Amino acid sequence: MHNVLLGVFRTLLKLWTESSNKAYSLPITAKQEIDRRINCVKRQICSDFVRSPRPLTELKFYKATELRLMLLYLGPFLFHSVVKQPYYNHFLLLVSAIRILCHPTWHKTQNAKAKSLLQLFGQQFKNYYGEQYYVYNFHLCSEHLSDDCLLHGNLDAFSAFPFENYLQIMLHYIKKAPNPLQQFKNRLGEHLKFETKSKQKLFKQSGENYSIITNQYNSIISDHSNDRYIFANDHVYEVQNITKNRNEFKIKCKKVSDLIPLFDKELKSTTIGIFHSAKITLEPDTVVLDANGVSKVLCIQFDKIFGFIVVLHTN
């Protein structure tokens, strides 16, 4: 959260948008084009994300969750053909490596690849932007982050996000100025005593079919709206129907065909769950999948680009 998103990635965005007369500076027309694209996709964000993207003019107000959405999901599409090609390719090194390190299994099986991508990212950063901007966050990200994942698990396993989320709860426990520690201790004791129910799963039934369900990964899956795309067996599917067989939810869906990589310079985007196409084409055959065996896919569209990005964060 602090190292990659609020540190490295926000610095990149600031260098692009707040500098002038530099090779990497974005002209006004480029910034306006990115904001136009953001405006196109903000209503297409699926339910797994709590915030819609805001224009780059509000960058100083961005929360870490918005930066995560931009880095790992929207950025490769929003910045495509707008940011100059060398800087865009450099940005993709960070995207690819962090997506690998956020994944529950790739952070181990592809750790060496992620480390080489981050080291290349650090080397190129000095050449493109200058060593004066290569601060400690960039050193940590380039040289140590992948090794930390081997020790502690994927990035979400030791991220600061849970601590930040709990700060709001802590503040609500304190009602007045005197004795804040005692107040927190008492309220926390009450919370632990009476909060016995786990988070409720979301289900909406319509006759024999279900229009909305939540699977074991806490992903909201629907047969309509922005939650109708899923990923399984290296393919993207569009949900057609959801039924329940005994205690298991089954998803009837059709495979989205003609998907190609968005980029393939250092790493093929399809290997890290990023696809695109000029239109959505469905194969005629219906496939039945177990709801607990699929991942969620964020689908965005602007101009003549359809982007499909496998969702890594569902908690």
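Computed from a predicted model, the values in this text were never measured in an experiment. Note that the numbering runs from 1 along the sequence shown for the chain.
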- Between Ile309 and Ile260, is there a shared hydrophobic cluster once you connect ILVMFWY residues whose side-chain heavy atoms come closer than 4.5 Å? no

- Task: Search all heavy atoms of Cys46 against all heavy atoms of Leu298 and return the closest pair with its distance.
- Result: N-CD1, 3.7 Å

- Glu283: what forms a side-chain hydrogen bond (donor to acceptor under 3.5 Å, both in side chains) with it, not counting sequence neighbours? none

- Starting at OG of Ser269, measure out to CG of Leu259 and round the result to the nearest 0.5 Å. 10.0 Å

- Query: Does the side chain of Arg37 come within less than 4.5 Å of Val82's, by heavy atoms?
  - Reply: yes

- Query: How long is the gap from CG on Leu12 to CZ on Phe79, to the nearest 0.5 Å?
  - Reply: 9.0 Å

- Query: Is there a donor-acceptor pair closer than 3.5 Å between any side-chain N or O of Lys84 and the backbone N or O of Ala23?
  - Reply: yes

- Query: Are Phe249 and Val288 in one and the same hydrophobic cluster, where Ile, Leu, Val, Met, Phe, Trp and Tyr link if side-chain heavy atoms are under 4.5 Å apart?
  - Reply: no

- Query: In terms of ring plane angle, is the pair Phe121 and Phe138 parallel, tilted or perpendicular, where the classes change at 30° and 60°?
  - Reply: parallel

- Task: Over all heavy atoms of both residues, which pair between Lys254 and Asp285 is shortest? Give the atoms and the distance, please.
- Result: CG-O, 3.7 Å

- Is the backbone N or O of Asp258 less than 3.5 Å from a side-chain atom of Ser277, with the two atoms forming a donor-acceptor pair by type? no

- Message: If hydrophobic clusters are built by linking Ile, Leu, Val, Met, Phe, Trp and Tyr wherever their side-chain heavy atoms come under 4.5 Å apart, do Val294 and Val310 end up in the same one?
- Response: no

- Query: Any chance NZ of Lys252 has more than 12 other-residue heavy atoms, nucleotides or ligands included, within less than 6.0 Å?
  - Reply: no

- Note on the structure: Separation between NZ (Lys255) and NE2 (His235), nearest 0.5 Å, reads 4.0 Å

- Could you list all the salt bridge (Lys or Arg N to Asp or Glu O under 4.0 Å) pairs where at least one residue sits in residues 54-64, not counting sequence neighbours? Arg54-Glu58, Arg54-Glu66

- Query: Heavy-atom distance under 4.5 Å between the side chains of Thr11 and Asn137, does that happen here?
  - Reply: no

- Message: For a side-chain hydrogen bond (donor to acceptor under 3.5 Å, both in side chains) check, start with the C-alpha distance between Asn89 and Gln85, then their side-chain angles and the critical distance, and finish with the verdict.
- Response: CA-CA 6 Å; Asn89 290 338; Gln85 198 63 41; 3.0 Å; yes

- Query: With no hydrogens and no angle check, is any side-chain donor or acceptor of Ser222 less than 3.5 Å from a backbone partner on Ser211?
  - Reply: yes

- How far apart are the closest heavy atoms of Ala97 and Ala114, and which atoms are they? CB-O, 3.7 Å

- Taking the six-membered ring for Trp and the full ring for Phe, Tyr or His, determine whether the centres of His90 and Tyr87 are under 6.0 Å apart. no

- State the CD1-NZ distance between Ile213 and Lys244, to the nearest 0.5 angstrom. 9.5 Å

- Heavy-atom donor-acceptor pair, Thr270 side chain to Pro261 backbone, under 3.5 Å: no

- Do other residues, nucleotides or ligands put more than 12 heavy atoms under 6.0 Å from the CG atom of Leu151? yes

- Query: Are Ile212 and Val297 connected, step by step, through hydrophobic side chains (Ile, Leu, Val, Met, Phe, Trp, Tyr) whose heavy atoms are closer than 4.5 Å?
  - Reply: no

- Side-chain heavy atoms of Leu282 within contact of Val256, under 4.5 Å: yes

- Task: For side chain to side chain contact (heavy atoms under 4.5 Å, CB included), just list the numbers for Phe263 and Ser96, CA-CA rounded to whole Å, side-chain angles, deciding distance to a tenth of an Å, and then say yes or no.
- Result: CA-CA 10 Å; Phe263 55 87; Ser96 302; 3.5 Å; yes

- Looking at Phe231, Tyr229, Tyr237, Phe275, which one forms a ring-ring contact (aromatic ring centres under 6.0 Å, His included) with Phe308? Tyr229

- Message: For a quick test of reading the model, state the closest non-hydrogen atom pair linking Phe158 to His152 and the distance between them.
- Response: CD2-CB, 3.5 Å

- Message: The criterion is side-chain hydrogen bond (donor to acceptor under 3.5 Å, both in side chains); which residues satisfy it with Asp147, sequence neighbours excluded?
- Response: Lys115

- Task: Determine, stepwise, if the pair Asn241 / Ile251 fulfils side chain to side chain contact (heavy atoms under 4.5 Å, CB included).
- Result: CA-CA 6 Å; Asn241 193 283; Ile251 301 174; over 6 Å; no

- Message: Side chains of Asn215 and Asn292: any donor to acceptor distance under 3.5 Å?
- Response: no

- Message: Does Phe77 form a side chain to side chain contact (heavy atoms under 4.5 Å, CB included) with Val41? I'd like the steps, not just the answer.
- Response: CA-CA 10 Å; Phe77 293 94; Val41 305; over 6 Å; no

- Item | Check: Pro76 main-chain N/O paired with His80 side-chain donor or acceptor under 3.5 Å | no

- Asn233 versus Val287: any side-chain heavy-atom pair under 4.5 Å? no

- Item | Distance (rounded to the nearest 0.5 Å) between Leu71 CG and Leu13 CG | 8.5 Å

- Query: Does the Tyr62 side chain pair with the main chain of Leu6, one donor and one acceptor, at a distance under 3.5 Å?
  - Reply: no

- Message: For Asp156, is there any backbone N or O sitting under 3.5 Å from a side-chain donor or acceptor partner on Asn154?
- Response: yes

- Polar contact flag, side-chain donor to acceptor under 3.5 angstrom, Ser25-Ser19: yes

- Would you call the rings of Trp16 and Phe91 parallel, tilted or perpendicular, where under 30° means parallel and over 60° means perpendicular? perpendicular

- Message: Run the side-chain hydrogen bond (donor to acceptor under 3.5 Å, both in side chains) test against Asp303 and tell me which residues pass, sequence neighbours left out.
- Response: Arg36

- For Tyr73, side-chain hydrogen bond (donor to acceptor under 3.5 Å, both in side chains) partners two or more places apart: His313

- Message: Show every salt bridge (Lys or Arg N to Asp or Glu O under 4.0 Å) that has at least one partner inside residues 218-239, sequence neighbours left out.
- Response: Asp227-Lys296, Arg228-Glu238

- Item | Sole candidate of Tyr133, Tyr128, Tyr129 that passes ring-ring contact (aromatic ring centres under 6.0 Å, His included) when paired with Tyr24 | Tyr129

- Message: To the nearest 0.5 Å, what is the distance between CG on Leu150 and CG on Asn111?
- Response: 3.5 Å

- Query: Is the backbone of Leu312 close enough, under 3.5 Å, to the side chain of Arg99 for a donor and an acceptor to pair up by distance?
  - Reply: no

- Using the side chain to side chain contact (heavy atoms under 4.5 Å, CB included) rule, pick out the option among Ser219, Ser295, Cys253 that qualifies with Ile230. Cys253

- Query: Which is it for Thr286 and Gln240 under the side chain to side chain contact (heavy atoms under 4.5 Å, CB included) test, yes or no, and what are the steps along the way?
  - Reply: CA-CA 9 Å; Thr286 299; Gln240 305 292 310; 5.6 Å; no

- Message: Closer than 3.5 angstrom, by distance alone: can the side chain of His107 be matched with the main-chain N or O of Pro104 as a donor-acceptor pair?
- Response: yes

- Item | Flag, side chain of Asn226 to backbone of Arg43, donor-acceptor distance under 3.5 Å | yes

- Message: I want to check something: taking the side chain as every heavy atom from C-beta on, are Phe161 and Thr65 in contact at a cut-off of under 4.5 Å?
- Response: yes

- Message: Do Leu93 and Leu74 land in one hydrophobic cluster if side-chain heavy atoms of ILVMFWY residues count as linked below 4.5 Å?
- Response: yes

- Which pair of heavy atoms, one from Ile34 and one from Leu78, lies closest together, and at what distance? CG1-O, 3.9 Å

- Please name the pair of heavy atoms, one in Glu266 and one in Lys113, separated by the smallest distance, quoted to 0.1 Å. O-NZ, 3.2 Å

